[in-house]
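Below: the structure, in structure tokens.
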2 protein chains.
Amino acid sequence: MTGLNESITADDVARAAGVSRWTVNRAFKKDASISPKTREKVMRAAEELGYVPDLRAAALASDRSNLVALLIDDFTNPHKLVMLERLTRALRSRGWDTLLVNTLNREDTGPALLNASQRRVDATILIGIQFDDSVLAAAHSARRFKKLIIFARTSENPNTISIAVDDAAATKEIAEYVMTRGYRRPLYLAGPRTVSAHLMRKETFQEFWQTHFNVTPDTISVEAYDPALAGQTLTEELSGREREAYPDIIVCENDALAIGCIDVLRHHFDLQVPRDIAVIGFDDVPQAGSPNYRLTTYRQPLTEMANYLVDVLESDETTKLDKKFLGHLVTRESA
Amino acid sequence: MTGLNESITADDVARAAGVSRWTVNRAFKKDASISPKTREKVMRAAEELGYVPDLRAAALASDRSNLVALLIDDFTNPHKLVMLERLTRALRSRGWDTLLVNTLNREDTGPALLNASQRRVDATILIGIQFDDSVLAAAHSARRFKKLIIFARTSENPNTISIAVDDAAATKEIAEYVMTRGYRRPLYLAGPRTVSAHLMRKETFQEFWQTHFNVTPDTISVEAYDPALAGQTLTEELSGREREAYPDIIVCENDALAIGCIDVLRHHFDLQVPRDIAVIGFDDVPQAGSPNYRLTTYRQPLTEMANYLVDVLESDETTKLDKKFLGHLVTRESA
DNA sequence: CCCCAATTTGCACGCGCGTGCAAATATTTC
DNA sequence: GAAATATTTGCACGCGCGTGCAAATTGGGG
């Protein structure tokens, strides 16, 4: 019930239960070789003393921590909160703990990786946007990572496992939709250039449009996945144009950008969405479904992806673990 | 540069540098007693071999992990993302790592706490909403927590350290503002009952109104800090009323609720904010400033609070560590 | 160049548990 | 009920580093 000592160890429990220390630890391990009644006796004593196994020591001894580091930096994008929820849920419900590392700024990616490696995590997951391949290469060559997983983003780095939506397929579906609905003057709004490069959404869209209409659609890029900044960037872009030169649809690399666009279209330019200009996003963040935005967007199968990630953690394979997922277009009223 | 061996230990570096293992570890410790030139020699060798100290072993040996657990459950509230950013930033920039624990559901609070204790974290921080005092009491009596911190929420539990905004002062400021601006038929929209009880915002507001106008304002509560659910609850409430019985302002326990309200007021009831009904929130989430909401709200000094939290972690005091902060009202157009 | 104080380095022991095997029990078979 | 097999239990050693102190080294004054 109560424990007066600062820390109760397996030895204390062993003494109380009249067994050896090893038997105590066995009792706490899932399918260990131990008789039911010994286990119960041990558990009772443990309960009494308030003992729980020390995972630090277990990790040290077994060189397996059941801990992953999650590196993230893009806190202005509301989608990140959804990703955090899905990932931590999948991980925790299957016995994995998560070390959340805030990559404070671009220069901090290296130190953040180092930080993770010092905790000897079993895997490092990147869901941020600021890392580039040189950092990954350096990290890998230092051989400090058992597994380096890029989540929700593809990567060309061969030492990395990428778990992401099939951006090409998704973008084609979006482009197809845009075309079918009769839009002819799209403006593509991309995120930070380095990140966009990983996504290939912009390129895929442009290519599609080029193929079908023989023109490259206008494209601008926002320096962060931040609704406010997206609004600002769009405002600057449109302010330099005649009303007739406005696009009929803004295709956004993700919802964070799309939401910022809708806000300024309505409140700065006094336009209606989709009547005057339509908007389409990517991710299907919670707000996208609100009566205020009714955003047409593309939903990634995050839960499935998160579960696959845990499969990867628990797998011994070291190759061909990359996987692309298919999501689906959620059509609402914004486009 | 490259390391062929699976793991390089301090012994390897010691051998390479021609010193003892202890000297190697000393070289990595901030103000350890070591001569500059020995340290450099060691560091060079470490660099060469790709060695970094193993924090698991260090934690085990010193019984100090520089790790805190952060328990969270309220992922529908966008403010949580802001809190995560501020907390992880403050923690990491001062050398602390964060274990993010998703409290999967109400029954999971106990297991989540257990989880943290098995990692022997130096402190556990609660920023979720589902915990109740019985769980905290149980956790404390098991003496498994060096420090149990409730962040952004007050707590009556004496074994707990609460770092929060002064809700009474904040709510009074809000109430004062509501009164001064001439609103006379407020509707108070509270969050889940158990959480509201911790905040005392509802009670403070009611008391204020009772004192000044001798009536208790209408109050309804939403079962989660979820914009969509808030909208739904408000819709049900207003649908049962005549147009004349509508409130002139909706005072929300936080921005998540306020945003949900604004959405349905506009899009379901076709009302204007603030002309027909005003709305006021709490937290100042990023969206609150968007041209779409222009939400009047109360901003907590999160950065300051996060830094104080780290002070608490680094303090040896065990008493009187609770602290209340003052924020300020951010007036925009919604009220 | 010697002596004493200040600085720097080395070390025994322990942190709590995992691994793999050998010893001790329990269970089955005929 | 004895022998053979299956199950359960105990243990030596190691995981990588911290603590506190003792030994070794350095530097400066006379």
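Every chain is numbered from 1, with letters handed out A, B, ... down the list of sequences. As the structure is a prediction and not an experimental result, all values here were calculated from the model.
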**Item:** Heavy-atom pair of closest approach, residues A/Ile127 and A/Phe151
**Value:**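 Reported closest heavy-atom pair: CG2-CB, 3.6 Å.
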**Asked** What pair of heavy atoms forms the shortest contact from B/Val165 to B/Met305, and how long is it?
**Response**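 What the structure gives for the nearest pair is N-CE, 4.0 Å.
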**Asked** Thinking salt bridges, do A/Arg44 and A/Glu48 make one under a 4.0 Å N-O criterion?
**Response** no
**Prompt:** Can we say B/Lys147 and B/Asp122 salt-bridge, meaning some charged N sits less than 4.0 Å from an Asp/Glu carboxylate O?
**Reply:**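 Between B/Asp122 and B/Lys147 there is no salt bridge, as every charged N stays at least 4.0 Å from the carboxylate O atoms.
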**Prompt:** OP1 or OP2 of C/dT9 less than 4.0 angstrom from a side-chain nitrogen or oxygen of B/Ser35, does that happen here?
**Reply:** yes
**Prompt:** If we ignore angles and hydrogens, is there a donor and acceptor under 3.5 Å between the side chains of A/Asp73 and A/Thr103?
**Reply:**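 No, no side-chain donor-acceptor pair sits under 3.5 Å.
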**Message:** Regarding B/Glu85 and A/Asn102, do their side chains bring together a donor and an acceptor under 3.5 Å, going by distance alone?
**Reply:**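 Yes, side-chain donor-acceptor contact under 3.5 Å.
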**Asked** By a strict heavy-atom criterion of less than 4.0 Å, which residues belonging to residues 38-45 of chain B are in contact with DNA chain C?
**Response**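 Of all residues in residues 38-45 of chain B, the ones placing a heavy atom under 4.0 Å from DNA chain C are B/Thr38.
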**Prompt:** Got more than 12 heavy atoms from elsewhere within 6.0 Å of CD, A/Glu40?
**Reply:**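 For A/Glu40, atom CD is not crowded (no more than 12 foreign heavy atoms under 6.0 Å).
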**Request:** For nucleotides 16-21 of chain D, just jot down a letter per nucleotide in 5' to 3' order: B, S or -, based on protein non-hydrogen atoms under 4.0 Å.
**Result:** BBBB--
**Prompt:** A/Ile34 CD1 to D/dT7 C1': how many Å, rounded?
**Reply:**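 About 12 Å, once rounded to whole Å.
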**Message:** For A/Asn307, give me all partners under side chain to side chain contact (heavy atoms under 4.5 Å, CB included), at least two apart in sequence or on another chain.
**Reply:**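 A/Asn307 satisfies side chain to side chain contact (heavy atoms under 4.5 Å, CB included) with A/Ala90, A/Arg94, A/Thr303 only.
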